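Input: a single structure, listed below in structure tokens.
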Number of protein chains: 2
Amino acid sequence: MLNNYNTEDKVLLSVDCIIFGFDNEGLKILLIKRDFEPEKGKWSLMGGFLKKSESLNGAAIRVLNRYTGLQDIYMEQLYAYSEVDRDPVDRTISVAFYALINIENHNTALIQDHEAEWFSISKMPKLIFDHNEMVAHAIRRLRYRTSTKPVGFELLPEKFTMRQLLELYEAILDKELDKRNFISKINSLDILVKLNEKDMLSSRKGSYLYMFDKEKYDAKLLNHFVLNL
Amino acid sequence: MLNNYNTEDKVLLSVDCIIFGFDNEGLKILLIKRDFEPEKGKWSLMGGFLKKSESLNGAAIRVLNRYTGLQDIYMEQLYAYSEVDRDPVDRTISVAFYALINIENHNTALIQDHEAEWFSISKMPKLIFDHNEMVAHAIRRLRYRTSTKPVGFELLPEKFTMRQLLELYEAILDKELDKRNFISKINSLDILVKLNEKDMLSSRKGSYLYMFDKEKYDAKLLNHFVLNL
DNA sequence: ACAAAAGTGTTCATGCTACACCCATGC
DNA sequence: GCATGGGTGTAGCATGAACACTTTTGT
């Protein structure tokens with residue numbers, strides 16, 4: 001009887017993923033129509049139950065892959081939601097994760113199969129259970145993370161213009177930023193490579209493309225920086 | 001069969017509490033000798049299993065009360081630890097919380113009953129499982145929280161001197177602070193009341209006692225501030 | 001008188017903010 | 001030649017950092 005915890009309650013544990021994407025319309029979140037009861041047909045975060053053989057991170061990666069086909073995605077654990085009545089069917093504790101993906105990369109067929117849709121964060125529908133609270137929390141965390149880690153690049157294509165980067169940060173922080181100040185702050189971090197290549201789609205003059213230089217970033221042992229925008 | 005999740009795995013969920021206290025020797029953590037197998041007799045965080053009828057917060061409050069006799073304590077959820085083999089006995093996911101208590105207030109009899117002891121954070125023993133990792137995480141979070149919320153006051157007696165406050169912040173941040181700069185930054189937040197009362201124990205001259213003014217703080221709708229020390 | 005901690009302001013350097021004009025190109 | 005977005009620098013201001021001496025009082 002010593003080597004177990006038999007008298008203790010066991011519960012269901014799930015993960016829910018807040019998946020952020022960014023396109024020229026702004027910051028978006030990927031939602032699905034829930035395909036099982038209860039609340040079938042309502043908008044919901046992507047989730048799944050934890051299996052005994054995987055960690056929470058593993059479960060979140062599995063869920064994300066199932067709905068987007070993506071792997072090797074930036075993902076961070078947010079918070080555990082545990083109100084007793086949060087799921088009306090059975091006692092379920094859910095651990096929320098948020099993920100940042102390049103919106104161009106995901107598998108659109110998979111998205112359609114699951115009746116998933118991208119929503120602007122400013123036009124989110126009502127979600128099931130406490131999912132709206134999770135989303136609000138994720139947005140707060142993303143805003144904070146922006147000032148301590150170069151997470152923005154996760155949401156952009158590999159090559160991007162300064163304007164795209166600026167608009168991304170404006171979308172995340174929900175405020176206008178001064179173009180010149182923004183660029184000089186980004187440049188002072190010294191973690192971008194300017195390419196000899198221009199994006200000619202957005203203007204006649206064309207604007208230089210940049211890439212995030214992960215090696216340079218790692219080389220500085222910058223496990224965090226401070227970026228005040 | 002629709003209104004349940006019968007086919008899903010259920011797991012054990014526990015909470016572990018990192019309890020911080022502060023005295024004139026520095027920042028401390030309350031640990032217990034684990035009183036059941038496995039790892040019985042080893043140093044451990046205070047923990048307990050989640051019951052079906054309570055939230056994680058509820059469980060953490062219950063555990064904290066059981067070991068310290070305290071209620072209405074500042075507490076914050078940290079992170080969910082879920083490596084598959086983190087507990088050798090049974091699959092257990094643990095959600096860590098940290099709490100800040102006034103070290104003078106707790107019930108010393110209870111502490112003795114449980115063979116609990118205060119350890120300086122610089123002299124922590126090896127703990128069971130992944131508890132050392134939890135502690136490291138809690139210290140990081142506390143350092144960050146210090147710059148966004150007036151959490152320091154939770155660790156001090158109701159009335160305290162500027163020197164105590166300074167030494168507390170030095171202990172949390174693990175660096176020396178300039179006395180004059182510190183005091184003027186704290187004063188500029190305008191959330192303290194200076195009392196007409198001196199602490200005569202620490203010097204011949206005596207030093208004024210202060211209290212945290214929660215009403216003033218709330219009145220400013222300061223859900224967070226920035227304090228760069 | 002002296003020891004021990006309390007209390008108190010100023011200067012300097014840095015970083016942040018605000019702000020406007022020329023450039024290159026396709027049409 | 002003009003319309004469109006791209007790209008660039010500076011001056012004023014606010015904040016943070018560094019720094020030393022006087023006060024009080026019990027012994």
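Fair warning: this is a prediction, and the values are worked out from it, not measured in the lab. So that the names make sense, note that chain A is the first sequence line, chain B the second, and so on, each numbered from 1.
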(message) Under 4.0 Å, heavy atom to any atom of DNA chain C: which of residues 195-206 of chain B qualify?
(response) B:S202, B:S203, B:K205, B:G206
(request) Indicate for each nucleotide in nucleotides 8-19 of chain D, in 5' to 3' sequence, whether protein heavy atoms under 4.0 Å reach the base (B), only the sugar-phosphate (S), or nothing (-). (result) BB------SBBB
Validation: residues 126-140 of chain B side-chain donor-acceptor distances under 3.5 Å, sequence neighbours left out:
unit_1	atom_1	unit_2	atom_2	d
B:D130	OD1	B:R86	NE	3.4
B:D130	OD1	B:R86	NH2	2.9
B:D130	OD2	B:R86	NE	2.7
B:H131	ND1	B:L45	N	3.1
B:H131	NE2	B:D16	OD2	3.4
B:N132	OD1	B:L127	N	2.7
B:N132	ND2	B:P125	O	3.3
B:H137	ND1	B:Y81	OH	2.9

(message) I need the full list of side chain to side chain donor-acceptor pair (under 3.5 Å) pairs touching residues 191-205 of chain A, with sequence neighbours left out, sorted by first then second residue.
(response) A:K159-A:E197, A:D199-A:S202
(message) Which residues pass the side chain to side chain donor-acceptor pair (under 3.5 Å) test with B:Y210, not counting sequence neighbours?
(response) none
(request) Return the set of residues passing side chain to side chain donor-acceptor pair (under 3.5 Å) with B:K42 (not counting sequence neighbours), or none when no residue passes. (result) B:E39
(request) Mind telling me whether A:W43 and A:F119 have parallel, tilted or perpendicular rings, with 30° and 60° as the class edges? (result) perpendicular
(request) Using the heavy-atom set of chain A and a strict 4.0 Å cut-off, write down the first and last nucleotide of DNA chain C that makes it in, 5' to 3'. (result) C:dC16 to C:dG26
Solution key, residues 17-30 of chain A side-chain donor-acceptor pairs under 3.5 Å, sequence neighbours excluded:
unit_1	atom_1	unit_2	atom_2	d
A:D23	OD1	A:E25	N	2.8
A:D23	OD1	A:G26	N	3.4
A:D23	OD2	A:K28	NZ	3.0
A:E25	OE1	A:K28	NZ	2.9

(message) Holding to side chain to side chain donor-acceptor pair (under 3.5 Å), I want the full list of residues that pass it with A:S14, two or more places apart in sequence or in another chain.
(response) A:S94
(request) Check side chain to side chain donor-acceptor pair (under 3.5 Å) between B:H106 and all other residues, then give those that pass, not counting sequence neighbours. (result) B:W118
(request) List in chain and number order the residues that pass salt bridge (charged side-chain N to carboxylate O under 4.0 Å, His left out) with A:E115, two or more places apart in sequence or in another chain; answer none if no residue qualifies. (result) none
(request) Let me know the distance between CD1 of A:I186 and C1' of D:dG7, rounded to the nearest Å. (result) 16 Å
Would you tabulate the side-chain donor-acceptor contacts of residues 175-191 of chain A under 3.5 Å, counting partners in other chains and residues two or more places apart, or write 'none'?
unit_1	atom_1	unit_2	atom_2	d
A:D178	OD2	A:R180	N	3.1
A:D178	OD2	A:N181	N	2.9
A:S184	OG	A:R180	O	3.3
A:S184	OG	A:N181	O	3.1
A:K185	NZ	A:N228	O	2.7
A:N187	ND2	A:I183	O	3.3
A:S188	OG	A:K185	O	2.8
A:D190	OD1	A:K216	NZ	3.3

